[in-house]
J.: 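Below you will find the structure I want to go over with you.
Values reported hereafter were calculated over all heavy atoms of this structure, with side chains retained and with hydrogens, waters and symmetry mates removed. Residue numbers count from 1 along this sequence.
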Amino acid sequence: MSQQSETIASLFRQMLEEPAEIVCAHAEVIRGAADDIADEFPFDDVETLAMLIEDDIDDDEEAAATARAISQELRRRLAAGVRKWPRLKIM
């Protein structure tokens with residue numbers, strides 16, 4: 001496992017320790033995790049990050065579901081041509 005994959009796996013473990021009690025909260029955790037990964041690896045493109053996550057899915061079903069959700073979020077960003085979603089300002 002590469003250093004990069006180990007760092008991503010470490011971020012997954014941290015995310016799984018955070019409770020996500022409702023779907024909205026879970027979505028926020030996934031978006032936040034994708035933001036963290038994008039920040040942690042600023043020189044890698046979004047597609048590479050998504051592939052690294054997909055390649056590193058383990059046997060723990062909860063961790064695998066979270067990894068797939070983060071990978072899907074990164075792929076949505078790739079399709080939209082953004083690395084991170086812009087912050088919304090509510091006025």
J.: Which ILVMFWY residues can you reach from Met51 by hopping between side chains whose heavy atoms are under 4.5 Å apart?
T.: none
J.: Can you tell if the side chain of Lys84 reaches within under 4.5 Å of the side chain of Asp39, non-hydrogen atoms only?
T.: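 The answer is yes, as the side chains (C-beta and beyond) meet within the 4.5 Å cut-off.
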J.: Apply side-chain contact (heavy atoms from CB on, under 4.5 Å) to Ala80 and list each qualifying residue two or more places apart in sequence or on a separate chain.
T.: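 Applying side-chain contact (heavy atoms from CB on, under 4.5 Å) to Ala80 gives Val82, Trp85.
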J.: Any chance you could measure Glu28, atom CD, to Ile30, atom CD1, to the nearest 0.5 Å?
T.: 10.5 Å
J.: Who are the side-chain contact (heavy atoms from CB on, under 4.5 Å) partners of Asp55, not counting sequence neighbours?
T.: none
J.: Ignoring hydrogens, what is the shortest heavy-atom contact between Ala69 and Arg76? Give both atom names and the distance.
T.: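 Where Ala69 meets Arg76 most closely, the heavy atoms are O-NH2, 4.5 Å.
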J.: Tell me every residue that passes salt bridge (Lys or Arg N to Asp or Glu O under 4.0 Å) with Arg83, counting only those two or more places apart in sequence or in another chain.
T.: none
J.: Measuring from Gln72:CD to Leu78:CG, what's the distance to the nearest 0.5 Å?
T.: 13.5 Å
J.: Listed by chain and number, what are the side-chain contact (heavy atoms from CB on, under 4.5 Å) partners of Ala50, not counting sequence neighbours?
T.: Ser71, Leu74, Arg75
J.: Shortest non-hydrogen contact from Ile70 to Ala33?
T.: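 Closest heavy-atom pair between Ile70 and Ala33: CD1-CB, 3.6 Å.
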J.: Once you round to the nearest 0.5 Å, how far does CD of Glu54 lie from CG of Leu49?
T.: 11.0 Å
J.: Hey, does Ile37 have a side-chain heavy atom less than 4.5 Å from the side chain of Leu52?
T.: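 No, every pair of side-chain atoms sits at 4.5 Å or beyond.
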